[in-house]
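Accompanying notes for the structure given below.
Values below: all heavy atoms of this structure, side chains included; hydrogens, waters and symmetry mates excluded. Because the structure is a prediction, the values reported are computed rather than measured.
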Amino acid sequence: MKKVVLAYSGGLDTSCAVKWLQEEFGLEVICFSAFIGEVSDKTKLRKRAEAAGTKKIYIEDLKEEFARDFILPALWAHARYEGKYPLATALGRPLIAKHLVETAQREKAQYVAHGCTGKGNDQVRIEVGVRTLDPHLKIIAPLRQWEFKTRDEEIDYAKRNKIPVDATKASPYSIDKNIWGIAIEAGILENPWVEPPEAAYVMTRAISKVSAKPKYIEIDFEKGIPVKLNGVRKGLVELIDSLNTIAGAYGVGRFDQIENRLVGIKSREVYEAPAADVLLKAHEELEGLVMDREFLHYKKVLSEKYAELVYFGLWFSPLKEALDSFFASNQFRVTGKLRFKLDKGHAICVGRQSKHSLYSEKLATYSKGDTFDRSSSEGFVKLWGLPYEGLKRRS
Ligand code: ARG
């Protein structure tokens, strides 16, 4: 019997997909689930998959790998799609693609399958990832193919086939969560004029409910890696988890944006990414202190390109990998400490220090002790302006 490895989330779609893949293609279905957000109940997930008809399920906690190999490079790249979205979902997909391929190879499966819709970016990210890593694998996307038009039809199919349907009321939104943030879409959010209801938010507290007293936090970086939070050394996953809680309690890291999807449509997306927002700002601030002007200005162009490549599903592409090397090249200087004030939805950098700092108080000061040589300025300004002299008169 030919085999398929299905990226299984435990939800209705992928549970129905187990049965559907068996019926339509006559395949043996092996499930693969990755934990990159909350670690949910493994036994429950296994039971659901088995009830849906699978004999074998791999459940892996991949938070460490996600943080080290996907979040960290994106942090170094200062990656935010269209200036806002820190790419949590987009970063999770290539990781899933990689593990689908590895599991398929281990199981000698000819097929992989996923539960992404035909309208989003995630199908692109998973499929392009899989094809880059193993072009021999065939890909099935049940949600693009099956005949269910509505959720009710799908629920009927599940009931007919004794697939457990979650008794808890389904969220009115489509949600994807991992430690780098959460994406909330659909439902009432599809009207771009409507303010997202407070109940739509998961990781952040409403500004009206946050403490009136600001909170100060300190983050230490060593060679580009955030290693301490408030003086306490933590692994990357733990640090991100704690920062999500601390900054989330101050309503930090909410984004409401109209976004250009790869498949051509604009969509309204609501994101929460408290830790990502603070860490991206912190890393940018620290680089701002230790790197020179040319580097910093040029990097901005590359960061935008990088975010686009990640968003567009080109994680395993040569340009993205080359940019990773570029962003990694100066991290040995990115050691230091940042002080942030969390205040009613804002994370504001209020202090920075580093042994590699290029900031010189003696040069910058307008007070006593100034060592800046003003006499050089006259000649400098003259030559800097030379190409422009008389330009207006002659045109
Ligand atoms: N629009 C975002 C992206 O393409 C989020 C997708 C989230 N997926 C979901 N099932 N809610 O990265």
Contact summary for [X] and [Y], nearest pair of heavy atoms:
| X | Y | value |
| --- | --- | --- |
| Cys16 | Ile163 | CA-CD1, 3.9 Å |
| Gln353 | Leu286 | O-CD1, 4.1 Å |
| Phe372 | Ser377 | CE2-OG, 3.7 Å |
| Ser357 | Val290 | N-CG1, 4.0 Å |
| Ala49 | Ile57 | CB-CD1, 3.7 Å |
| Ile126 | Ala97 | O-CB, 3.7 Å |

Strictly below 4.0 Å, N to O, side chains only: are [X] and [Y] in salt-bridge contact?
| X | Y | result |
| --- | --- | --- |
| Glu285 | Arg339 | no |
| Lys382 | Glu389 | no |
| Glu238 | Lys228 | no |
| Lys63 | Asp241 | yes |
| Lys337 | Glu218 | yes |
| Asp156 | Lys159 | no |
| Asp277 | Lys281 | yes |

- Query: Hey, does the side chain of Arg268 reach the backbone of Val194 with a donor-acceptor pair shorter than 3.5 angstrom?
  - Reply: yes
- Task: Check for a donor-acceptor pair, side chain of Thr204 on one end and backbone N or O of Val252 on the other, with a separation under 3.5 Å.
- Result: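 Such a contact is absent between Thr204 side chain and Val252 backbone.
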Show me, pair by pair, the donor-acceptor contacts under 3.5 angstrom made by side chains of residues 303-310, not counting sequence neighbours?
unit_1: Ser303; atom_1: OG; unit_2: Ala77; atom_2: O; d: 2.7
unit_1: Ser303; atom_1: OG; unit_2: Lys299; atom_2: O; d: 3.1
unit_1: Lys305; atom_1: NZ; unit_2: Glu308; atom_2: OE1; d: 3.1
unit_1: Tyr306; atom_1: OH; unit_2: Asp324; atom_2: OD1; d: 2.7

State yes or no: do [X] and [Y] share one hydrophobic cluster built from I, L, V, M, F, W and Y residues joined by side-chain heavy-atom distances below 4.5 Å, directly or via other members?
| X | Y | answer |
| --- | --- | --- |
| Phe35 | Met203 | no |
| Tyr173 | Val202 | yes |
| Leu314 | Phe70 | yes |
| Leu143 | Val112 | no |

- Note on the structure: Across all chains, not counting sequence neighbours, the ring-ring contact (aromatic ring centres under 6.0 Å, His included) partners of Phe340 are none
A side-chain contact here means heavy atoms from C-beta on lying under 4.5 Å apart; do [X] and [Y] qualify?
| X | Y | answer |
| --- | --- | --- |
| Lys56 | Cys31 | no |
| Lys84 | Arg80 | no |
| Leu280 | Pro86 | yes |
| Arg125 | Leu95 | no |
| Ile30 | Tyr58 | yes |
| Ile140 | Trp20 | yes |
| Ile348 | Leu342 | no |
| Leu75 | Pro226 | yes |

Residues [X] and [Y]: side-chain donor-acceptor under 3.5 angstrom:
| X | Y | value |
| --- | --- | --- |
| Glu82 | Tyr311 | no |
| His99 | Glu65 | yes |
| Asp152 | Thr150 | no |
| Glu222 | Gln331 | no |
| Glu272 | Asn244 | no |
| Gln257 | Tyr81 | no |
| Asp176 | Thr89 | yes |

With [X] as the cation and [Y] as the aromatic partner, state whether NZ or CZ is under 6.0 Å from the six-membered ring centre and within 45° of the axis.
| X | Y | value |
| --- | --- | --- |
| Arg205 | Tyr250 | no |
| Lys138 | Tyr111 | yes |
| Arg131 | Phe316 | no |

- Task: Report the C-alpha distance between Arg261 and Glu185 in whole Å, list the side-chain angles of each, state the deciding distance to 0.1 Å, and finish with yes or no for salt bridge (Lys or Arg N to Asp or Glu O under 4.0 Å).
- Result: CA-CA 13 Å; Arg261 281 199 193 161; Glu185 48 186 27; 3.4 Å; yes
Would you say that more than 12 heavy atoms from the other residues, nucleotides or ligands in this model lie under 6.0 Å from the [atom1] of [X], or not?
| X | atom1 | value |
| --- | --- | --- |
| Phe326 | CZ | yes |
| Glu147 | CD | yes |
| Glu153 | CD | yes |
| Ile188 | CD1 | no |
| Arg151 | CZ | no |

- Message: Can you confirm whether or not the ring centre of Phe66 sits under 6.0 Å from the ring centre of Trp180?
- Response: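 Centroid separation for Phe66 and Trp180: 6.0 Å or greater.
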- Message: Determine whether the aromatic ring centres of residues Tyr157 and Trp146 are separated by less than 6.0 angstrom.
- Response: no
- Working for side-chain contact (heavy atoms from CB on, under 4.5 Å), residues Asn121 and Phe312: CA-CA 7 Å; Asn121 301 306; Phe312 291 174; 5.9 Å; no
- For side-chain contact (heavy atoms from CB on, under 4.5 Å), just list the numbers for Lys2 and Glu28, CA-CA rounded to whole Å, side-chain angles, deciding distance to a tenth of an Å, and then say yes or no. CA-CA 6 Å; Lys2 291 196 168 165; Glu28 179 187 341; over 6 Å; no
- Task: Name the orientation class of the two ring planes belonging to Tyr271 and Tyr85 (parallel below 30°, tilted from 30 to 60°, perpendicular beyond 60°).
- Result: parallel
- Query: Is the His356 ring parallel, tilted or perpendicular to the Phe332 ring (thresholds 30°, 60°)?
  - Reply: perpendicular
- Task: Quick one: do Gln110 and His136 satisfy side-chain hydrogen bond (donor to acceptor under 3.5 Å, both in side chains)? Show the steps, please.
- Result: CA-CA 8 Å; Gln110 291 86 347; His136 300 297; over 6 Å; no
- Just do the salt bridge (Lys or Arg N to Asp or Glu O under 4.0 Å) check on Glu198 and Arg254 with the steps written out, would you? CA-CA 11 Å; Glu198 251 335 297; Arg254 289 185 173 189; 2.9 Å; yes
- Item | Matching residue for Leu279 among Leu72, Leu243, Ile71 - test: side chain to side chain contact (heavy atoms under 4.5 Å, CB included) | Leu243
- Task: Supply the atom-to-atom distance Leu363 CG to Thr371 OG1, rounded to the nearest 0.5 angstrom.
- Result: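 Spacing of CG (Leu363) from OG1 (Thr371) equals 4.0 Å.
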- Task: Decide side-chain hydrogen bond (donor to acceptor under 3.5 Å, both in side chains) for Tyr359 and Ser354; before the verdict, give the C-alpha distance in whole Å, the side-chain angles of both, and the deciding distance to 0.1 Å.
- Result: CA-CA 9 Å; Tyr359 178 86; Ser354 167; over 6 Å; no
